[in-house]
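Heads up: the structure comes next, in structure tokens.
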Amino acid sequence: MSGSSGIRGYYYQVLAALLESVDNDSSWVSVRIEPYTKEDKVDIEWVYADSIHAVQVKSSINNFDRGNVVKWVKTLVEDAKTAYGIFNVPITYRLVLIGTTDRNADKWISDLQGGRLKFEEDDKLKGIERELSNVEVKKLSFDFEALQALSYAHMQEYLSRNGKEAKFESIKTLCSELVSELFAFSLKGREMPNALFLQLINKHINNEVYGITAINKCIPQLSLVFYEKGIVIESDHMKGIHLQNTPLLNKHRTDAMKSLEKAKTIKLPPPPPVESNRVETDKPKFLVDLLDTDTNKKLQGLLKLNKEIGDFAQFKGIPPINGYIKVQLSEKEILELKDLSKSILGIELNDEDFHFGGLEKRVIDTVVMFGPPRNIPRGTKEEKEKYYAIEDAHCSLLSYQLLLEYTDYLNTCHPLPVILKNIGAVPDEEIQVTLKFPNTAHVVTPERMEVPFDLFIEEFIRENSVFNNLIIPAREHGVMAYEGSWLRMPVPEKLRLPFENVKYTREDFIKHLESLFKYEHFREGDQDIVQYDFKSINPSRKMAFPTFLLVQTDEDMNIEYTITSKHLSRPIEGTLNWFHPDNTEE
């Protein structure tokens, strides 16, 4: 590394430390730049009351590739564990990349932060697999001016939190002075206690030279930003993300895997051959006899022929009407299940996995007084368990396959994680937020959203369902849950008898979405407008929107917003910049 590159990299470390210091000014105990560790992989050491945060900063004018990102994560975790493991407190890790990343690195970072990484036995990260949930990879612009501008914005927020304000030029000068002093302090290798850092800042902000004055405490300071913990950093711009569809599919995949693993442990012989008793006719002999007698009139409406009747041609013998037939899947069903198992689960099924021993089922379903006809297999406990396991696996795999088609649609619905901030010193209430989208973007409203197959609607609209968790921001202590004036009740669970399958409809799904998407939607010309109402927000607080806004677009977009409230003398206007995830440029 050249001398200028080394100085620049060190300066970036100091700037990164300043950004985090003013963001979390009251939560950390001490900070040290370039602390001593065995492998020298920790650039910034943050000590909190009950944890340690280890940071490594990498900067480059060239693209960061996947191999280097993986290597740096591994060495940072190993070095920090060695240095701080003796303290027996939780350790969190952050790799800060100042520059751009290639597509493979982006995908790996997304998989890491979404918990989707998979490891083989020889994987280089296998040894730190447990720590990866505590690893964050943060990307910042390599453009020095852009990074400085980010520090100015954070300093402005710090001043606002402390009831101060200053002109832009004064904030620039203040940040330059602070970075220079932090740079000089860090060269001594000493830790800086939180109290000393605040003293350093207050020395400058209380100096009349910088023109810092007290703000009007009667005016709230409201704004919108993108943010989702561990996925989207807090900013007025973001690169688009996709919905994390994996949990939607995992249930059916896991259920199928458990069922097949259970079925494969039960080894049974094939059913014994049956001597032929067929009649050369289009229908089994007992059906011919049945249809030629008055018995049919007596049974009409009471008996329902089992689906196996349609497959009788594969059997060599036909039992009497009240008898049993050996349970045996058709070749088509076996081939389908084999293909699904291999393609979805990676599990190879053999012919013997479909042997059910002497298990039998009635030719005709048993008619009961209440409820649908029943056909309970007759056989040993193991025979029944294997048959039900295969049947359940087949159902789960088919459900997975159908749901996969719906998740392809969901991937076209880009989630916008937006939060409302009050960086002022006074609370505000009766807040209305209006967002105006460009004509190239379409907000996914309840009426516009594609409805899943009927099979999944009940699963989607249950309280605390996986689908709900997919579009509702995860709770965290730093961001309040949405508090609005809308009160829409979720779809109530339909009453059913023990034998009854209740069908949920498209209308049920739309009503459920209306209970989640708590906004008003308008069309003005060729543009979508959405409007949210917030009850109130206290000073220095952040509040999540009720759900992610889902938007379909093929282009980058600028979203204009307006905020009005009880205590604002005039509306606040701003813009959120969103970049399409398939755009190759950072």
Output the distance between atom [atom1] ([X]) and atom [atom2] ([Y]), rounded to the nearest 0.5 Å.
X: Leu329; Y: Glu336; atom1: CG; atom2: CD; answer: 10.5 Å
X: Tyr532; Y: Glu520; atom1: OH; atom2: CD; answer: 11.0 Å
X: Ile457; Y: Arg462; atom1: CD1; atom2: CZ; answer: 12.5 Å
X: Ile390; Y: Leu260; atom1: CD1; atom2: CG; answer: 5.5 Å
X: Glu555; Y: Trp578; atom1: CD; atom2: CH2; answer: 10.0 Å
X: Ile231; Y: Ile109; atom1: CD1; atom2: CD1; answer: 13.0 Å

Salt bridge (charged side-chain N to carboxylate O under 4.0 Å, His left out) between Lys511 and Glu507: does it pass, once the steps are laid out?
-> CA-CA 6 Å; Lys511 287 179 182 177; Glu507 288 69 31; over 6 Å; no

Would [X] and [Y] pass as an ion pair if we require N to O under 4.0 Å?
X: Lys264; Y: Glu261; answer: no
X: Glu382; Y: Lys386; answer: no
X: Arg378; Y: Glu360; answer: yes
X: Arg66; Y: Asp106; answer: no
X: Asp351; Y: Lys338; answer: yes

Are [X] and [Y] packed together at the side-chain level, in the sense that at least one heavy-atom pair is separated by less than 4.5 angstrom?
X: Pro415; Y: Leu549; answer: no
X: Tyr388; Y: Pro377; answer: yes
X: His252; Y: Phe456; answer: yes
X: Phe226; Y: Ser235; answer: no
X: Ile419; Y: Met543; answer: no
X: Leu359; Y: Lys326; answer: no
X: Phe453; Y: Glu405; answer: yes
X: Glu78; Y: Ile128; answer: yes

Just by distance, do the side chain of [X] and the backbone of [Y] share a donor-acceptor pair under 3.5 Å?
X: Asn411; Y: Asp408; value: no
X: Ser465; Y: Phe460; value: yes
X: Arg541; Y: Val479; value: no
X: Asp353; Y: Asn350; value: yes
X: Ser341; Y: Leu337; value: no
X: Thr407; Y: Leu404; value: yes
X: His355; Y: Lys267; value: no
X: Gln113; Y: Val137; value: yes
X: Glu333; Y: Ser330; value: yes
X: Asp528; Y: Phe437; value: no

Going through the distances and angles, do Tyr387 and Val327 end up as a side-chain contact (heavy atoms from CB on, under 4.5 Å)?
-> CA-CA 9 Å; Tyr387 174 71; Val327 172; 3.4 Å; yes

Can you establish whether the number of heavy atoms outside His521 located under 6.0 Å from its atom NE2 is more than 12?
->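 Buried by this count: over 12 neighbours within 6.0 Å.
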
Neighbour count >12 (heavy atoms, 6.0 Å) for atom CZ, Arg130 = no

Could you check whether the rings of Trp72 and Phe64 sit parallel, tilted or perpendicular, using 30° and 60° as the cut-offs?
->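 Answer is perpendicular, since the angle exceeds 60°.
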
Could you pull out all donor-acceptor pairs under 3.5 Å where a side-chain atom in residues 90-97 meets a protein atom, sequence neighbours excluded?
unit_1, atom_1, unit_2, atom_2, d
Thr92, OG1, His53, ND1, 2.7
Arg94, NE, Glu136, OE1, 3.1
Arg94, NH1, Glu20, OE1, 2.8
Arg94, NH2, Glu136, OE1, 3.1

Do the ring centers of Phe545 and Phe534 come within less than 6.0 Å of each other?
->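 Ring-ring flag for Phe545/Phe534: true, centres closer than 6.0 Å.
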
Where [X] and [Y] come nearest, the two heavy atoms and their spacing:
X: Leu349; Y: Phe354; answer: CD1-CZ, 3.8 Å
X: Leu470; Y: Leu243; answer: O-CD2, 3.7 Å
X: Glu383; Y: Thr380; answer: OE1-N, 2.9 Å
X: Pro546; Y: Lys518; answer: CG-CB, 4.1 Å
X: Lys535; Y: Gly484; answer: CE-O, 3.0 Å
X: Asp65; Y: Ala105; answer: C-CB, 3.9 Å

Steps toward side-chain contact (heavy atoms from CB on, under 4.5 Å) verdict (Leu576, Met238) = CA-CA 8 Å; Leu576 297 174; Met238 68 169 281; over 6 Å; no

Would you check, one step at a time, whether the test side-chain contact (heavy atoms from CB on, under 4.5 Å) holds for Leu76 with Val55?
-> CA-CA 8 Å; Leu76 170 62; Val55 179; over 6 Å; no

Glu234: which of Lys421, Lys229, Lys138 passes salt bridge (Lys or Arg N to Asp or Glu O under 4.0 Å) =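 Of Lys421, Lys229, Lys138, salt bridge (Lys or Arg N to Asp or Glu O under 4.0 Å) with Glu234 is met by Lys421 alone.
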
Between Thr75 and Asp79, is a side-chain contact (heavy atoms from CB on, under 4.5 Å) present by the stated rule, with each step listed?
-> CA-CA 6 Å; Thr75 55; Asp79 191 31; 5.9 Å; no

